[in-house]
Amino acid sequence: MIARRGRKLPAVLIAGAALLMVMILVAAIAPILWGSKAAALTSDIRLGHSARHLLGTDSLGRDVFYRTLVASRLSMLMALLATALAVAIGLILGAGIVAAGRHARATGGRVIDLLVSYPPIIIALAITAIFSPSRISVVGAIGLAFCPQFARLGNTLAASVSAKDYVTSTRFLGVSRVRLLSRHILPNIAAPILVLASVGFATSTIAISGLSFLGLGVQEPSYDWGSLLAAGLQDLSVNPIEATGPAIAILLTGLGAGLVGDGLARYWEPRLPGISAARAGKRRPRPQPQGTGSPAHDGDNTGRDRTVAEVRDLRVSATGERGGVPLVRGVSLDIGAGEVVGLVGESGSGKSLTAMALARLLPPGLAWSADRLVINGMNLAAPGSPPARLATEVGIVFQDPTSCFNPALRIGTQLTEVLRVHKKVDRKTAASMAVAGLREVRVPAPESRLSQYPHELSGGMRQRAMIAMALLTEPALLIADEPTTALDVTVQADVLRLLHRINTDYGTAILLISHDINVVATLSHRVCVMYGGRVVEEVAVEDLRAGRVQHPYTKALLAAAPDRSAHRVTNPLRPLPGRPPRPGQIGHECSFASRCPLVMAKCRAEAPQLTTHGSGRVACHAVQIPVAVGDEQ
Amino acid sequence: MLAAVVLLTFMIVRWVPGDPARNILGLTAGPAQVAQVRQELGLTNSIWQQFGHYISGLARGDLGRSFVNQQPIAQMIGQRLSLTAELAISALVVVLVIGFPLGILAGWLQHHGRARGFGFGVATGSSLAGALPEYITGTLLIFVFALTLRVLPVQGGPGFTGMALPALAVGLAPAAVFTRLVRNETVSVLSQEYIATAMSKRLPGIRLILRHVLPNVATSTLTLGGLLLVALLGGTVITENVFNISGLGTGIVQAIVHDDYPAVQGILLVLAVIAVVINLSVDITLGLLDPRVLSKRPS
């Protein structure tokens, strides 16, 4: 578990270890080489810097530079002993509590928590008060003062390890408790303990020097960095350089040990930059039982010839260290006024990124480009799109209503925010508009909701409130990104009905994103199927419902979706084999080639283009070839 | 918790190796003197009687008298407590004033992958400052501001000029730790989905931060911030000795040096109670800030 072969040691680890090695070397040889020089009394009292006395002399004329070097042995030895004491007692207590059994675990954990919340320096003072100050009492005091932290770490780690399967199974096999602890638990928690121990060495160096500095540690004639610093503080107004030696020595040791701890932590648990940014753009569709009630669909809306959104050759790719990985690879899309366009595909197909790029809301770490990106007459491809118009003309409904409301703000504040900020509506009017909006989406008792916090509403109610929030500014386009995925089946149907009503009553155009082809088929007029960052098929909803689809992927989606066919017994569900390609793996071939039942040689050589085919458009060699001569544009 | 603290402070004198009375008086004292001090300490009674006496004294607010100057301990603590409290609170102000703006700015820039140099500066600066013990910071501050620039006094005391350097000395390292904490929390809050919602409202940056980021960062940093506050108490004890402030910190060090056991007991008890109170008030503040905790109460 500890050894990670083939990984480079972090630079901080090397730097810290080198620093510590030098300090240890000095600690080893300084008392032998310069012990007498450091103790020699001269008449040169409180001299400043000179070639003879690098850091001057103290009040008895002793050389501060050599005294600092010689003091490193005692200082570091005390810190080492104190750390060892803290680690040993702490771990035995902490891990022992876990091995001892359930009752000891509960009470012991509580006691440790209490002790950790108490400042170590005060615990150390109490212990020094009992035993009169000396180098031994200070080691004991600091060691004991820091052991609660190790006890807690040992406790948490041992508890987490012992909950794992292999420990449970060894327990069943009758392995003794001591053996369980030494062979199974300790090796697995060694890494974090080493990290905390190096940090503990840094803090105990500082704390021991602190006690000596207060006169409660090492006593004359012995001296460590802390007592040297205290003498330096006394002489600070006369001879300021005297304090620098011990101060720098304490800092270097603290820094070295801190860097080692930091480096070890990074070595064992390296952070992966760039991952979070790429993940942030992705939704996590959860597989949910499908079968939403289908609201009656009248299909026809007036004024659909005007386009609300026009997208040409939209591309999104990751920037930074994973730079250049294409995630959306040239999507073109039109949404007419009052039209509901569905965007369907597996997770990772780029559908959410397409929508977020369309709304100019890509998370950092992603870059986009487009030949044309127009929403309601606003050219978003040009720089400087007005934030107020974007905020009011595009409404967005996110997937998970539990995480999309700010938990610390009242519903009313969040609902009225856009009105207040961008439309300069006064508080009272905005509140009454919000109430009306909530009533519109059938949230019960809308007046009292404004003063409630998000967690006080149920999931379905929160999603309604989210929709109300998106609609308050009467946007021309509503982007609904997996609006039903996180909801219960019964609530799903409600929300879909609500979206349908909004579309028919207000003529709001909707871009509906879902991994569920049934959801999309229920609500949309037109459906775009995405795969591997591209639209592979665009089909009118009537054709989709009738099963008149061309692309093998769309066919597979339909076959894998329940509730499509009435004859489940004769027509069982066929799950789609294989996995969607990862963004970096797509080359020049058709991205579906590896899973496609109709794959041909050409598919592995070049990716098909989206071409008009019948009433829709499709990107597939197998479909295109038989009619290619007459049908290609 | 408080009961444990009372018991432990009571036991301190009982645990002293050898004879506490002898420790106080030194080797030159005669047996009659030792016997008298033993009597004053109450060491001649049984341990239960001693404990009962101690508890009943506590109940009356009586912490005993100092061996050094015969003053009532409670009175001495009362005089010193205000300075310690002033220093700890000033240090807390330093931590918050540095930590929140710097941490949120660094987090914001890191999330957006901008100004890497600034982020690196904050990261290394806070690592270095976080490793600075308060007695070294204090010495450095005295050298720079009191002895070289001569703008602030060497001696600490009440009021802004007297507290500025000590508060900085106590607060700087915790402020560095707190800055990093706030930065990490800011980064994690910024990747939450409710921030995506807020982004979709295209709010001005300041409003987004103050309204949507800050409350959530504050809630999540408070738990660790509370631990930091208790650490400030420890820093105060040390720093008082650097700036020669006559608070509880200098008081306990003097008491330990002079084997003034009643004073040690009294101050330890008060410091412990303060630590408990801080932990409690952090819990309460958390409840006020976080509506989810608040709503658990019956309405």
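To find a chain, count down the sequence lines: A is the first, B the second, and so on, and within it residues start at 1.
- Distance alone, capped at 3.5 Å, places no donor-acceptor pair between the A/Ser403 side chain and the B/Glu193 backbone.
- Counting only heavy atoms from C-beta outward, the side chains of A/Glu417 and B/His212 approach each other to under 4.5 Å.
- Your options are B/Leu190, B/Val154, B/Ile238, B/Ile142, and the one with the most heavy-atom pairs under 4.5 Å with chain A is B/Ile238.
- Nearest heavy atom pair, residue B/Ile136 against residue A/Ala247, reads CD1-O, 3.5 Å.
- At a threshold of 4.5 Å between non-hydrogen side-chain atoms, the residues A/Leu216 and B/Val257 count as touching.
- Within a 6.0 Å sphere centred on CD1 of A/Ile136, heavy atoms belonging to other residues, nucleotides or ligands number 12 at most.
- The candidate with the highest count of non-hydrogen atom pairs below 4.5 Å against chain B, out of A/Ile121, A/Ile130, A/Leu125, is A/Ile130.
- Ranked by heavy-atom pairs under 4.5 Å with chain B, the list A/Ile396, A/Leu255, A/Val397, A/Leu251 is led by A/Leu251.
- Here B/Ser200 is the residue among B/Gly234, B/Ser200, B/Ala275 with the most heavy-atom pairs under 4.5 Å with chain A.
- You'll find the side chain of B/Phe143 reaches within 4.5 Å of the side chain of A/Leu236, heavy atoms only.
- Inter-residue side-chain proximity for B/Tyr135 and A/Leu233 is flagged as unmet; no heavy-atom pair is nearer than 4.5 Å.
- You'll find the side chain of B/Leu147 stays beyond 4.5 Å of the side chain of A/Pro240, heavy atoms only.
- Side chain of A/His422 to main chain of B/Lys201: a donor-acceptor pair is present (N/O by atom type, distance under 3.5 Å, no hydrogens or angles).
- Counting only heavy atoms from C-beta outward, the side chains of B/Ile252 and A/Ile122 never approach each other to under 4.5 Å.
- Between A/Pro119 and B/Leu232, every side-chain heavy-atom pair lies at or beyond the 4.5 Å cut-off.
- When side chains are defined from C-beta on, A/Asn406 does not count as touching B/Arg211, because their heavy atoms never get closer than 4.5 Å.
- Within a 6.0 Å radius of CD1 in B/Ile206, no more than 12 heavy atoms belonging to other residues, nucleotides or ligands are found.
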